[in-house]
Amino acid sequence: MTKKILWDCHMHSFFSADSNTPMEEMIKEALSQGLKGICFTEHLDPDYPPTPDDLDFSLDIPAYCSQLSRLKEQYKNKISLCFGIELGLQPHLAADFRDLLGMYPFDFVIGSSHVVHGRDPYYPEYFQGRREEEAYREYFQSILENIEAFGEMDVYGHIDYVVRYGPGQNTYYTYEAYRDILDEILKSLIRRGIGIELNTGGYHYGLGEPNPSAAVIRRYRELGGEIITIGADAHTPDKIGFAFSQAAQVLKTCGFTYYTVFQERKPVFFPLE
C-alpha cells in the first residue's frame, strides 16, 4: 500500500507577494493533515516586470528568517519546518543569487522560470500574436539559458509552468511534442546534479496532471534522474498537500520508490511504501 507523502516542500506565506496567508496558518493546516514536515519556499523574483497587479516580488529575508526561527522553536515537537526559497531565475541575476546563497542557511533552494525575456506567462500578453507552440518553446529555451547561467539550486521548479496559463493549457501539449528541448533540459539538470520537483499545482489549475507532466517525470527517471521533491505550491492553507495521493501514484508509475526532502541543502530520501 502506498504510504502517504508526509512532506510538502513548496509553499508560500505572506512573505511572498502573491500570498496573504500568515505562516502560522500554513503550519496549523499542515499539522491537521498529519504532515511530518513542510518547507516554506518564499518567492524572490528580482527585476520582475511591471504587471496589472503591481506585485513586488522582492523578499525581506531577515524578517522571514526571524519569524520562521521563532515558529520552528514553537512547533519543534510537532512538525519539522524548513527554510527554503524559490528564486525567479533570469541569467543576469546569477551572480546576485550566488552571493545570496552564501549569506543565509537555507535548507532548500528551488530555481524557477517565471519571467521569460521580460514577460511572465501568467499574463495573457505573453501569448498574444503568436502560436501556443512558439510561446511554450520560448519558455523552455529560457530554462536552458537559466541552467547555463546558474546551477546552484537544488531542484528546478515546475518545469512546464507555462502550460498552466497557455490558451489551450495542455490540450495540445505533450512530452512527445517537445521531446527535443525537454530532453535537453532534463539532461542538463542531471549532469549538474540538480533535481526536479513534482508540483501538484497542475492539478489545482485543472490540468489533470502535475507540473511537469507524468511523461516528463518518467523521462527524467529513464535518463537517470534521482532527485525529486514534492510540493503543492500552496499560497493558501486549503492547497497544502493538494493531490498528494495522485502524486505518490505518479511517482510509482514513473519508477520512483521514494521522494526527496532537502535539509541543510542535502537530499534525504523517504520511501513511498
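Note that the coordinates shown come from a computational prediction; the quantities given were computed from them, not determined experimentally.
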Check [X] against [Y] and note the closest heavy-atom contact, atom names and distance.
X    : Y    : result
S113 : S142 : OG-OG, 4.2 Å
Y259 : L6   : OH-N, 3.1 Å
G201 : N211 : C-OD1, 4.0 Å
D120 : Y126 : O-CB, 3.9 Å

- F150 vs L93, side-chain contact (heavy atoms from CB on, under 4.5 Å): CA-CA, chis, key distance, verdict: CA-CA 9 Å; F150 181 80; L93 301 174; over 6 Å; no
Any Lys/Arg nitrogen of [X] or [Y] sitting under 4.0 Å from an Asp/Glu carboxylate oxygen of the other?
X    : Y    : answer
K187 : E184 : no
E176 : R179 : yes
R192 : E148 : yes
K266 : E264 : no
E134 : R137 : no

Do [X] and [Y] come close enough that some side-chain heavy atom pair is under 4.5 Å?
X    : Y    : answer
N20  : T236 : no
R221 : E226 : yes
V261 : C39  : no
D47  : H92  : yes
F108 : T229 : yes

- Contact list for residues 80-90, test side chain to side chain donor-acceptor pair (under 3.5 Å), sequence neighbours left out: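 Found H10-E86, H12-E86, H43-E86, E86-S112, E86-H114, E86-H158.
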- Is there any side chain to side chain donor-acceptor pair (under 3.5 Å) pair reaching into residues 60-72, and which pairs are they, with sequence neighbours excluded?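 Pairs touching residues 60-72 that pass the test: R70-Q74.
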- Query: How about Y258 and F256: are their ring centroids closer than 6.0 Å?
  - Reply: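 Between Y258 and F256, the centre distance is under 6.0 Å.
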- Y205-Y165 aromatic ring centre distance below 6.0 Å: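 Ring centres of Y165 and Y205 closer than 6.0 Å.
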- To the nearest 0.5 Å, how far apart are CZ in F57 and OG in S16?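 Nearest 0.5 Å value for the CZ-OG distance: 7.5 Å.
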Salt bridge (Lys or Arg N to Asp or Glu O under 4.0 Å) against [X], all qualifying residues, sequence neighbours excluded:
X    : result
R119 : E138
E125 : none
D154 : R265
E152 : R98

- Message: Over 60° means perpendicular and under 30° means parallel, so tell me whether F270 and W7 are parallel, tilted or perpendicular.
- Response: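 Rings of F270 and W7: tilted, as their planes differ by 30° to 60°.
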- Query: When you look at I85 and I61, which way does the side-chain contact (heavy atoms from CB on, under 4.5 Å) test go after all the steps?
  - Reply: CA-CA 9 Å; I85 192 166; I61 300 178; 4.2 Å; yes
